[in-house]
Every structure is written in C-alpha cells, then in structure tokens.
Undergrad: 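There's a structure below that I have some questions on.
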Protein chains: 2
Amino acid sequence: MKPFLPTPPFLSPLAGIGFNLRKVTVPKGFVPARRFTALAPSAPRTYAFAKYQPRKNQPTKMTTTATTLKGEPLDKAALESLLRRRMFYTPSFEIYGGVSGLYDYGPPGCSLQANIVDLWRKHFILEEDMLEVDCTVLTPHDVLKTSGHVDKFADWMCKDPKNGEILRADHFVEDVLESRLKGNKEARGEQVEEKEEDPKKKKKKSKNHAAIKLDDAVVQEYEEVLAQIDNYSGEQLGELIKKYDLRNPTTDVQPSPPVAFNLMFQTSIGPSSNLPGYLRPETAQGQFLNFAKLLEFNTGQMPFASASIGKSYRNEISPRAGLLRVREFLMAEIEHFVDPEGHKKHHRFHEVENIELELLDRHTQLSGKTTTKRMAIGQAVRDGLVDNETLGYFLARIHLFLKKIGVDQTKIRFRQHMANEMAHYACDCWDAELLTSGGWVECVGCADRSAYDLSVHAKKTGAPLIVRQRLDEPRVIEEWEVDIEKKKFGPFYKKDGRAIEAAIMATTQEERGKLAKEMEETGKAFLAVPGVGDGKVEISKDLLAIRWQKRVENIREYTPNVIEPSFGIGRILYSLIEHNYWTRASEGGDEARGVLSFPPAVAPTKVLIVPLSSHKDFAPAVRKLSQKLRSAGLSSRVDDSSASIGKRYSRNDELGTPFGITVDFQTVKDDTITLRERDSTRQVRAEEDRIIEAIKALVEGSKTWKDIESELPLFEGQQDVEVPVR
Amino acid sequence: MKPFLPTPPFLSPLAGIGFNLRKVTVPKGFVPARRFTALAPSAPRTYAFAKYQPRKNQPTKMTTTATTLKGEPLDKAALESLLRRRMFYTPSFEIYGGVSGLYDYGPPGCSLQANIVDLWRKHFILEEDMLEVDCTVLTPHDVLKTSGHVDKFADWMCKDPKNGEILRADHFVEDVLESRLKGNKEARGEQVEEKEEDPKKKKKKSKNHAAIKLDDAVVQEYEEVLAQIDNYSGEQLGELIKKYDLRNPTTDVQPSPPVAFNLMFQTSIGPSSNLPGYLRPETAQGQFLNFAKLLEFNTGQMPFASASIGKSYRNEISPRAGLLRVREFLMAEIEHFVDPEGHKKHHRFHEVENIELELLDRHTQLSGKTTTKRMAIGQAVRDGLVDNETLGYFLARIHLFLKKIGVDQTKIRFRQHMANEMAHYACDCWDAELLTSGGWVECVGCADRSAYDLSVHAKKTGAPLIVRQRLDEPRVIEEWEVDIEKKKFGPFYKKDGRAIEAAIMATTQEERGKLAKEMEETGKAFLAVPGVGDGKVEISKDLLAIRWQKRVENIREYTPNVIEPSFGIGRILYSLIEHNYWTRASEGGDEARGVLSFPPAVAPTKVLIVPLSSHKDFAPAVRKLSQKLRSAGLSSRVDDSSASIGKRYSRNDELGTPFGITVDFQTVKDDTITLRERDSTRQVRAEEDRIIEAIKALVEGSKTWKDIESELPLFEGQQDVEVPVR
C-alpha cells in the first residue's frame with residue numbers, strides 16, 4: 001500500500017488540460033457569453049469554444065435583458081436586499097467572515113428548493129418509473145481517475161508573486177482586457193456600458209481602468225481574444241499575459257504562468273491515509289457503477305433510466321455571482337440507458353413531438369448569431385438538428401418541467417454545444433439556458449454521453465457493464481476464425497509468442513482471408529509484427545489454422561449508450577426567483593413593495609393566516625384553520641404580530657406566499673374567512689371549508705383564481721391598505 | 001497567509017481526548033452494550049461510561065432479542081440476502097472492491113428513505129412551524145475549532161508495527177479479551193454463544209481463539225474491563241494492551257500505543273490551500289451560526305425551533321455492521337431554542353403528557369440493571385426523572401414518530417445518559433434505542449445542550465447570539481457600580497492600567513462594598529492585582545468612584561438554551577427493516593418467501609400492478625390504471641414480466657409493497673380489478689375507481705384492511721399460487 005500524502009493542489013499542477021482544442025475563427029464584434037457553463041458538465045471540461053453572444057441585443061421575440069415579471073428593468077440591488085431580508089439564502093459562516101462560494105438556505109429558500117425537487121421527482125422519476133439511487137459523495141481516487149476527472153477536471157490559475165493572490169487565468173485576462181477597452185471608450189468620450197459586478201471587483205478594476213486611447217488594431221485584437229477566451233490552453237493564456245503585459249490591478253504586477261488546478265475537493269478515507277478520495281463533482285459516476293445491479297433490478301429490461309438527487313462539489317478558484325457559481329450544490333441527474341442500435345427511438349416521443357422550443361443550434365452560433373429558431377421538437381429531430389428521439393424527448397420534458405415550476409417562457413432557450421465544446425465522446429449536447437441579470441445561464445445540460453462511461457469502468461474493473469439481449473431470431477455469422485494450437489505455439493515462439501498472438505488476433509477479415517489462402521497454398525505465411533525480429537514473422541499450418549466458420553448467436557451483447565439530463569437546482573432556483581420578481585411600483589403602488597409571484601405549487605408556503613389582531617378571541621379559529629390546512633396538505637404560517645394587516649401581507653408578498661386568509665370578528669361569528677390572492681390582491685369571502693377547497697384546487701392547478709372569483713363572492717375590504725390595527 | 005499543508009491524521013495525534021473521565025465501579029456480570037452510540041452525539045464524544053446490558057435476557061415485557069415481526073428468531077443471513085437481491089442498499093464502489101462504511105441506496109432503499117424523511121418533515125417541521133435551513137457540509141476549521149470538534153471529536157487507534165494494520169483501540173482490546181473468554185469456556189466444555197460478525201473478522205479471530213483455560217480471577221478481571229470498555233483513556237487502553245499482552249491475531253504482535261484519531265474528514269477550501277476545512281460531523285453547527293437571522297425571521301419571537309435534514313460525515317476507524325456504522329449518513333436534527341428561565345415549559349406539553357414510554361433511567365443503570373419502567377411522560381417530568389417539559393415533549397414526539405413509521409413497540413426504549421457519559425455542558429440526555437440483531441442501537445439522541453454552542457460562537461466571533469426581550473415590567477436594579485476617570489487613570493498607571501482596570505471590574509458586589517467604604521473613609525484602598533508590582537495596588541478617589549446606583553432595565557438579554565433531537569435516518573431505516581421482516585414459513589408457507597410489512601405510508605412503492613400476462617390486450621387498462629394512481633399521488637410499478645403471478649407477488653412482498661392489483665380478462669370487459677393485501681394475501685374485487693379510493697384511504701391511514709374487506713366483496717382467486725402463466 002503506497003502511503004498517500006495529500007499535497008496542496010497549487011503545488012501539484014495536473015497535466016492533461018486543454019486537450020481537444022482547435023483554433024477557431026472568431027466572428028468579429030462578438031464577445032463571449034458570461035461563462036456560467038459547466039455547472040453540470042456531463043464530462044470533464046473541455047474549454048473548446050467560446051459561446052458567442054452579441055454585445056447589443058438582437059431583435060428577436062425573446063427577452064434579451066433581465067427584467068422583472070412585468071417587463072420592467074430589474075433592480076438587482078432591491079431584489080438582493082429582499083432575498084437577504086427574507087432569508088432566502090445567506091452566506092454560510094457569515095459570523096466567521098464567510099467563505100466564498102458557500103451559501104445556506106433559510107426557511108423560504110429551503111422550502112422553495114424542496115418544492116422544486118418534489119416536482120422534479122414527480123415529473124421525471126414517478127412519471128417515467130425511473131430507478132432512483134442515492135450514492136455516496138465520498139468517492140475513491142480510482143473511480144475518478146478512470147472517469148477522467150483526476151486528469152482533466154481542472155481550471156487554469158495564476159498566482160500574484162507579490163501578494164500571493166490566486167487568479168483564475170481566463171477570468172483575469174478577460175477582466176484586464178475588458179477594462180482596457182472600457183478605458184479606451186472613455187478616452188474617446190464614448191458611453192461605457194456597466195456590467196453588474198460585485199463592489200470588491202469594481203474597486204480593484206477602477207485602479208486599472210485608466211482612460212487611455214488604444215489603436216484600432218489593438219482594440220480589434222483584444223476583441224478577438226475576448227471572443228475566444230474559453231478556447232485557450234494554459235500555455236496560451238500565459239503567452240497572452242506576457243504579450244499584453246497584463247498586470248494584477250491590486251499590485252501592478254504580472255502574475256505567474258498559469259498552472260492547472262483540479263476542481264475536486266480532496267480528502268482521505270479511513271485512518272491509514274492510504275485511500276485518497278474526492279467529493280464527487282457530479283452524481284453520475286455512482287449511477288454508472290451500479291448499472292449491472294440496476295439492470296437486474298429492472299428484470300433485465302431495456303431501456304431504463306436511473307436518477308439521483310444530491311449534493312456535488314467543485315472547488316471553484318474564485319467563485320462570484322452568488323448562487324450561480326458555488327462550491328457545494330444540489331444536482332438532479334438522470335442517466336437514461338438506451339440501446340445504441342435502432343436510432344435511439346423513444347416510445348413516448350409522440351407525446352411531445354409538437355412541443356415548440358427556442359433552439360440555438362451550432363450552425364447559427366458558428367455564423368456568429370444568437371437568433372433562436374422556434375421549432376417543434378419533432379421537426380428538429382426529423383431535420384437532424386437534434387440527434388435522436390430520446391435526446392429530443394428529454395429536451396421537451398425539460399422544457400415542460402421548467403414551465404411547470406414557473407420559469408419565464410421568454411427567457412429560456414436551448415443552446416447546442418459546438419462540435420469541439422463537447423466532451424470528445426459525446427455525440428450531441430444541448431443546454432437549457434435561462435436569462436438572468438448574469439446573462440444566459442446554463443441550468444440544465446442534456447448530453448448524449450454515448451457508451452463512454454460504462455466502457456471505461458468496465459475496462460478498468462472487468463465488471464460486465466453490458467446488456468445481454470436474447471435475440472428473437474438467432475444470428476448466423478460466417479467469418480474467418482483463427483484457431484491457435486496453444487501447446488505448440490507458445491514453446492515455438494517463446495518470448496515473442498504473446499506479441500505474435502496479439503498481432504494475429506488483430507488482423508481484419510480481409511487479411512485473414514489472404515493469410516488463409518497463402519497458408520493453404522504454401523503451408524505458411526508472413527505476418528507483420530512490429531518489434532519482433534525484423535518485423536516480419538513466419539506462421540505455419542502446424543501452429544495455427546485459419547478457417548471460414550459458421551456460428552449461431554442467440555444472445556447479443558452491447559454496452560448501452562447514455563442520455564444524461566443534468567439539473568443544477570440552485571441555478572434554477574435563483575433564475576426562478578428573478579423571473580418571478582416584480583414590485584408594486586409597476587402598477588402605481590409602492591416601489592419598495594416587492595412581490596415574488598411563484599406558482600402555488602413551488603411557493604415556499606401556500607397560505608398566510610392573518611388574525612385581525614393578536615387578541616385571544618381569534619386563537620381558537622386560527623388553530624382550527626391551521627389544523628385543517630395541514631390535513632389538506634397545505635403548508636401555512638400564522639402571522640399574529642402587531643404589524644398592520646397591510647404590512648403583514650406585504651411581508652408575505654416578498655416571501656411569495658400566494659394566498660392569505662384573514663380571520664376577523666365575523667369569522668368568530670359565522671366561520672367565514674376572506675381569501676386574498678397575492679398577485680391581484682383581490683379577495684373573496686366564504687365559509688372556511690369552501691375556502692380550503694378553493695386553495696387546494698389552486699395549488700393543484702385544477703382551478704385558476706379567475707375560476708374562484710366566479711364561484712365565490714368578492715370581498716371589498718380595506719385590508720391591503722396600511723390601517724393600523726389596535 | 002500561512003500555507004496549509006494537510007497532514008495525514010495518523011501523524012498528528014490530537015490532544016484533549018479522554019476528558020471528563022471518572023473511574024466507576026462496575027457491577028459484575030455485565031458486559032457493555034454493543035457501542036452503537038455516538039451516531040449523532042450532541043457534542044464531542046466523551047467515552048465516559050459503559051452502557052450496561054445483561055448477557056442473558058431479562059424477564060420483562062419488552063423483547064430482548066432480535067426477532068421477526070411474528071416473534072420468531074431472525075435469520076439475519078436470509079434477510080441480508082433479500083436486501084441485496086432487492087437492492088435496498090449495496091456497498092458503494094463494489095466493482096472497484098468497495099470502501100468500508102460507504103453504502104449506496106438502491107431504488108427501494110431510496111424510496112423508503114424519502115418516505116421516512118417526508119413523514120419526519122410533516123411530523124416535526126410542518127406540525128410545529130419549525131424553520132428549516134439547509135447549510136453547507138463544507139465547514140471551515142475555525143467553526144469546528146470553536147465548537148470543540150477539532151480537539152475532542154476523536155477515537156483512539158493503534159497500529160500494528162508488522163503489517164501496518166490500523167485498529168480501533170477499544171474494539172481491539174474488547175475483541176481479544178472476548179476471544180480469550182470464549183477460549184476459556186471452550187476449554188471448560190461450556191457452550192459458547194456466537195455473536196453476529198462478518199466472515200473476515202471471524203477468520204481472524206479463529207486464529208486467536210485457542211481453547212485455553214483461565215483462572216477465575218483472570219476471568220473476573222477481563223469481565224470488569226469489558227464492562228467499562230467505553231470508559232478508558234488512550235493511555236489506559238495502552239496499559240491494558242501491555243498488561244495482558246494483547247496481540248493482533250493476524251500477526252501475533254502487540255500494536256503500538258493508542259493515538260487519538262480525529263473523526264472528521266479534512267479538506268482544503270479554495271485554490272490557495274490556506275483555508276483548511278472539514279466535512280461537518282453534524283448539521284447542528286450551521287443552525288447555531290444562523291441563530292440571529294432565524295430569530296429575526298421569526299420576528300423575534302421565542303421559543304422557536306430550526307431543523308435541518310442533510311448528510312454528515314465521520315471517518316470511522318474500522319466501520320463494520322452495515323448501515324449501523326457508516327462514514328457518510330443522513331441526519332435530521334432539530335434545535336429548539338428556549339428561554340432558560342421558566343423551567344423550560346412547553347405550551348403543547350399537555351397534548352402528550354399521558355403518552356407512556358419505556359424509560360431506562362440512569363439510577364437503574366447505575367444499579368446494574370436494564371429493566372425499563374413504563375411511565376407516562378407527564379409523570380416522568382413531574383418526578384424529575386426527565387429534566388423539563390420541553391425535553392419530555394420531544395421524547396414523546398419522537399416516540400410518536402417512530403410508532404408512525406412502523407417501529408416495533410416492543411423493541412424501543414429511551415435510555416438516559418449517565419451523568420458522566422454526557423457532554424460536560426449538557427444537563428440531561430436521552431437516547432431512543434431500537435433493538436436489532438446488533439443489540440440496542442441508538443437511533444435518536446435527545447439532549448439539552450444548554451447555552452453552550454451559542455455562547456462559544458458568540459464569544460469567538462463577537463456576534464450577538466442572544467435574545468433581547470422587552471420586559472413587561474421594567475426591572476429596577478440597585479448595585480455597586482465602578483466609574484473610572486479614564487483621563488487620569490490611564491496616564492497614572494501607565495502600562496499596568498489595563499490589568500488594574502480588569503481587576504477592578506472583576507470585583508464582586510461584596511468586594512466593591514468594602515472598597516467603597518474604605519475609600520470613603522481613607523480616600524484610598526488596596527486591591528490585589530497579581531503580576532503588578534508586589535501584587536497589591538493602591539487605588540484612590542481621584543482615579544475612580546464606587547457608588548451605590550439604581551438603574552432601570554426595560555430589556556432583558558439572554559442566551560437561549562437548546563434542546564436537540566437528532567435522528568440518524570440510516571439507523572432508523574435499517575431497524576425498521578428488521579422490525580418489519582418475517583417469512584411465510586411462520587404461517588406454514590414457504591420459508592424462502594420473505595415479507596417486509598412496512599406501513600403503507602413508508603412503503604417504497606404503494607401498489608404493484610400485475611397484468612395476467614404481457615398480452616397486448618391488457619396494456620390500455622394497465623396504462624389507464626397507472627395514470628389514475630399517479631394522479632391520486634400513489635406510487636405504483638407494473639410487473640408485466642413473464643414470471644407467474646405468484647412469483648411476481650412474492651417479489652413484491654420482499655419489496656414491502658402493501659397492495660397488488662391484478663388486471664385480467666374480466667378487467668378488460670367490466671373495469672373491475674382485484675386488490676390484494678400483502679400481509680394477509682387476501683383479495684377484494686371491485687370497480688377500478690372504488691379500489692383506488694380504498695388504496696388512498698389505506699395509505700392515508702383513514703381505513704384499515706378490515707374496513708375494506710367489510711365494504712368490498714372478497715375475491716377467492718388462485719393468484720397467490722404458483723400457476724405458470726405462459
């Protein structure tokens with residue numbers, strides 16, 4: 001047992017990064033999209049191609065900038081203040097100064113997350129009888145070595161020799177060049193577009209952000225570099241730093257050449273420190289390793305899917321952008337195992353074929369555009385735009401899921417990976433991207449991983465990660481077969497025996513035919529075996545035979561291909577918040593009154609119960625109501641604080657609670673209550689049981705608020721106005 | 001920035017282990033319980049006292065050995081084979097040789113776990129309006145240093161100098177002594193009781209397990225050591241190894257002296273390796289750190305509880321015993337924050353006070369017995385057996401939860417921690433223990449953690465983790481107050497100023513009274529200040545005044561106390577499986593036909609749909625039925641394999657599916673289906689919608705199978721008999 005001494009990753013740069021790169025011609029005038037890729041890469045990262053996104057908005061029907069639900073510009077500071085105030089999420093360990101890239105979810109965030117996961121489980125796992133598994137986060141080194149993560153799952157980083165600051169190389173180059181371009185514009189008196197960024201970064205940049213004019217040629221060069229920033233190897237990034245004398249604004253010093261930094265968290269399992277391990281960067285590997293058992297559980301039937309919901313970990317070099325780039329995150333991943341023969345048809349494809357998606361294919365991107373095509377998924381598969389039915393089926397199902405939880409339909413697109421952006425084994429990959437204040441964010445990846453993962457693990461371990469299919473009709477195979485006389489062959493060739501045997505077994509059918517003919521005619525033949533003798537070896541009839549054989553196969557063995565939809569729950573959750581946020585200002589109300597219009601099914605709490613005051617007369621009615629709501633499976637909270645009713649409802653608009661019930665003096669008399677709808681603030685009044693029934697129908701989605709208004713009498717109260725109570 | 005080089009833990013023994021130990025007198029004839037403690041220690045482990053458990057069964061009403069649900073001896077091998085076959089759980093990374101202490105949950109285990117968690121959430125969080133949070137697993141060093149885990153969360157381990165094997169010291173001493181006692185019995189021709197153990201260990205032991213007679217005095221000495229095995233410090237364990245010449249059976253060599261091994265998994269956060277971190281060993285710390293925000297979220301109201309469901313990690317030295325001791329596990333923890341004044345009353349205590357629990361208090365244990373007392377929790381609190389109402393309330397709620405999910409009521413007890421078994425700050429602690437083939441297993445801990453955690457974090461960070469309570473009536477306080485003339489005081493005492501000021505401020509009211517009197521009489525006084533001058537310092541009227549002052553307080557500040565119920569979900573899940581397992585042999589049926597009689601609410605799948613054959617005529621009816629069940633929120637699976645109906649039902653008995661529906665030729669004609677109940681195998685037949693309604697009522701618990709039999713016509717089919725269907 002070789003002892004394992006964990007080395008600080010910075011001191012042990014890993015090799016093999018930047019594989020698979022090709023120089024690409026970059027259309028002018030384009031800058032890379034904010035790189036919120038690789039939240040859930042279906043494979044080790046490739047960094048192969050920049051994503052093109054126009055700096056200016058394209059005139060399409062799709063929304064292109066972050067707006068509120070009502071289409072007004074998004075005031076991100078106001079939203080962030082709301083999220084902090086209502087404890088949707090909060091920096092972890094804040095009283096200890098915090099750790100970047102780590103966030104805790106408070107009660108509403110936690111509940112929102114649980115509801116999204118619950119809907120996900122119903123929409124995918126239950127709807128399609130998927131086999132859910134829960135595998136460990138701790139993963140031994142060998143597994144991730146085989147999968148390629150140990151060698152390839154890395155980013156480039158530089159170190160500032162003066163203050164020891166660690167910089168992510170591509171981000172650093174990008175930041176400095178963008179800052180110079182901005183300085184140039186300022187020097188020429190042009191208007192400078194401000195990007196959203198954290199104050200810390202802004203401060204740093206301002207130092208470097210001198211208004212200095214640049215030559216037109218330099219501007220063009222910088223823009224070209226920026227357009228393909230995802231496309232450089234570490235060495236190339238190092239060259240750019242030298243060539244343009246890029247300096248860390250904090251110290252005015254050039255950072256060290258980039259080294260690879262593996263993004264997995266390392267640890268050591270067990271007391272003897274001899275089992276190095278990592279925290280998994282994706283849930284997929286655990287599913288692959290269990291393939292044989294899952295297939296057996298499924299009584300050998302194909303196709304089937306496994307699914308997993310759990311935490312994954314990536315040691316980001318310099319996380320920023322809140323929930324969009326974090327070091328610990330919840331993923332939901334599906335591995336759909338399918339026979340590669342038969343064009344990966346899907347038996348339920350007809351159910352979704354008419355669903356229209358906004359598609360941004362790779363050809364459009366190559367031509368330097370980001371215009372999406374609205375197209376039925378059936379058409380897209382028929383046109384060959386989407387590789388196969390199974391992939392298409394999942395794209396449509398992903399779309400339906402995102403719609404169900406309340407994603408804005410004008411802020412979603414499916415972007416195809418560029419040919420060299422994908423992992424080398426993938427045959428097609430599409431990301432569901434959601435538009436936020438941070439640009440288009442990859443929230444779901446949907447890749448065809450082919451047979452790669454099962455093959456490498458099977459090869460490494462010898463485990464049969466295959467399907468044995470009984471053929472309906474036996475297959476008759478006729479071909480040249482080699483039959484070696486082991487007893488003579490070995491002693492004859494001695495130490496070269498193994499190499500010669502391998503060379504013989506590696507011959508093609510055509511070559512075997514020739515060899516057989518030659519041996520039949522002359523009793524011997526010559527075979528090229530590099531490294532043995534002079535490279536040509538004589539083989540004879542005495543040692544082996546090559547015969548035209550017929551054989552009948554009843555069983556077909558194959559390694560399934562994998563279609564992998566992979567969801568970053570935190571990114572979806574954050575995008576969902578932005579998509580559902582607005583303020584009452586847009587209808588002439590109070591600017592400060594934010595609303596989160598989550599669909600009832602995902603809203604953290606369904607009902608707010610507001611007694612007119614905290615007077616003890618209301619207590620029994622409130623208790624009875626809570627109990628009834630609980631029995632109906634509806635989560636509720638009571639707010640009997642001394643704040644005005646208006647203020648209490650306002651607080652709950654910010655929490656996204658869709659319904660409010662007021663308990664007043666009338667309730668005590670006749671058991672009627674008022675029901676308020678969050679978005680319209682309109683109210684109806686009826687007997688308690690009828691109101692609960694109405695809420696149930698609204699949450700389940702079987703009725704709309706309009707239906708309820710037509711069924712129950714409207715109530716024209718004053719309760720949304722700030723009237724002090726007591 | 002100090003670079004952090006993670007050191008393999010074995011090379012860096014941590015100090016501070018074995019604190020708080022007291023020598024205890026051990027009653028004869030007792031051996032320690034299997035130590036399944038500390039799954040969810042509410043604090044760093046203490047190892048203070050052995051748990052007593054008689055080797056022979058005590059004659060009580062409680063079950064004392066592992067049995068099936070029908071009271072027959074549990075065949076653990078048969079159960080394990082079932083669990084493997086049905087993929088409830090499986091060793092992680094098995095195709096890579098596995099990693100001990102890590103398990104993956106397959107589809108039924110995963111679903112069982114999700115259902116337990118779902119019921120937990122409803123029973124605790126929703127029922128009591130708890131504030132759920134989801135905090136990160138990654139935790140920086142400083143947080144766990146403050147909480148005491150870095151220094152104290154450790155086990156003792158030894159190394160075999162010959163083969164490098166790592167042994168957990170207490171387990172090692174226990175194993176060798178037990179083996180010698182067994183050898184003694186064999187040598188005397190007595191019957192030897194075999195414990196359940198893994199084959200690997202058995203093999204090792206057999207080497208050491210020579211039939212050698214021991215003196216009676218030696219036998220007694222060994223038994224006394226075993227009875228207090230949890231009670232030894234590392235040094236003491238080392239002495240025992242030397243004294244009795246305990247050798248590793250594998251090598252026949254004495255292991256090295258024990259060193260402390262911290263049980264937390266170490267890692268490093270971020271690229272610069274300067275932020276050492278750990279995987280959390282409990283979810284509690286994240287909740288404590290968020291206390292101030294949670295209190296604000298709760299609009300300042302006390303008491304309230306937070307709750308968290310998530311993975312925690314412990315790097316066990318040598319995990320064994322399957323799911324009962326693992327390195328990665330799911331926990332559900334509640335932190336109930338309560339005002340320490342007012343005897344920790346609970347406003348809902350009256351709802352549970354008549355619930356009877358089996359209590360094993362510390363006095364009974366001290367007297368060497370394990371007889372439980374059945375007692376209403378109200379009585380236990382009144383008698384002072386359970387410290388306070390809030391603690392008692394949670395014990396009763398834990399009991400109700402365990403009952404609800406299907407824990408055998410004769411296999412549950414609440415065991416109080418011994419005075420020195422608790423963490424030093426806890427004032428009372430009870431474990432809910434479940435009886436399994438591994439003995440009594442701690443599945444839920446319920447501790448009063450006092451104000452410890454909030455206090456240490458507040459002290460370390462300066463964050464105000466306190467409650468500011470507006471007093472209904474202002475409090476008038478009269479006392480001696482010191483008023484220092486800063487301008488003169490500092491310059492007068494120069495470098496000693498600080499120490500002298502601290503000494504003055506540390507004086508008691510009584511001392512201040514004396515000093516004030518002295519100063520009034522003589523204008524000066526003398527104060528002991530160690531380390532300054534000759535240890536006595538003169539203070540005078542010019543520099544400070546000590547006055548009898550009156551002050552009115554409107555606000556009371558206090559640090560809440562914490563009651564912490566902490567659930568090990570994996571242990572509960574495993575115990576639940578054992579408690580609900582039986583075979584048809586007990587009713588004269590097939591021995592091999594195992595059944596898992598989970599209550600419908602936790603059963604992994606609710607309904608199995610069995611078409612008579614895979615004939616395509618049945619497909620539409622099956623599809624319609626699945627869809628209807630899904631809409632009703634009932635999970636189902638179709639088994640249309642070619643196995644006989646009896647075999648298919650048998651498979652699902654093993655999966656614990658409570659209901660089965662047969663779709664036959666009659667169904668196609670008149671839409672009627674048969675419903676089979678798993679435990680009785682009896683069937684009723686009715687129209688589809690009525691059957692679905694019946695299942696819904698059964699799963700929700702509003703009706704029993706008896707009710708259904710009285711409502712719907714019985715069906716006397718042949719379908720549980722092995723009739724081959726094509």
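Chain naming here is simple, since letters A, B, ... match the order of the sequence lines and numbering starts at 1 in each. Computed from heavy atoms alone, side chains included, the values below leave out hydrogens, waters and symmetry copies. Computed from a predicted model, the values in this text were never measured in an experiment.
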Undergrad: Can you tell if the side chain of B:Asp129 reaches within under 4.5 Å of the side chain of A:Arg637, non-hydrogen atoms only?
TA: yes
Undergrad: Please classify the contact of A:Arg86 with chain B as side chain, backbone, both or neither, using a heavy-atom distance under 4.5 Å.
TA: backbone
Undergrad: Can you find a heavy atom in the side chain of B:Leu138 that is under 4.5 Å from one in the side chain of A:Lys311?
TA: no
Undergrad: Are any of the side-chain heavy atoms of A:Thr136 and B:Val99 separated by less than 4.5 Å?
TA: no
Undergrad: Which bit of A:Leu629 comes within less than 4.5 Å of chain B, counting heavy atoms only: side chain, backbone, both or neither?
TA: neither
Undergrad: Using non-hydrogen atoms and a 4.5 Å limit, figure out which bit of A:Tyr89 sits close to chain B: side chain, backbone, both or neither.
TA: neither
Undergrad: I want to check something: taking the side chain as every heavy atom from C-beta on, are A:Pro107 and B:Leu294 in contact at a cut-off of under 4.5 Å?
TA: yes
Undergrad: Just one of A:Thr461, A:Thr146, A:Thr139 clears the side chain to side chain donor-acceptor pair (under 3.5 Å) bar with B:Tyr96, so which one?
TA: A:Thr146
Undergrad: Considering only heavy atoms and a distance below 4.5 Å, find which of B:Arg85, B:His457, B:Lys122, B:Glu127 pairs most often with chain A.
TA: B:Glu127
Undergrad: Please state whether the side chain, the backbone, both or neither of A:Phe297 comes within less than 4.5 Å of a heavy atom of chain B.
TA: side chain
Undergrad: Sort A:Glu700 into side chain, backbone, both or neither according to what part of it lies under 4.5 angstrom from a heavy atom of chain B.
TA: neither
Undergrad: Checking A:Gln113 against chain B: side chain, backbone, both or neither under 4.5 Å from a heavy atom?
TA: side chain
Undergrad: Given that the side chain runs from C-beta out, which part of A:Leu330 has a heavy atom under 4.5 Å from chain B: side chain, backbone, both or neither?
TA: neither
Undergrad: Is the closest side-chain heavy-atom distance between B:Thr267 and A:Asn315 below 4.5 Å?
TA: no
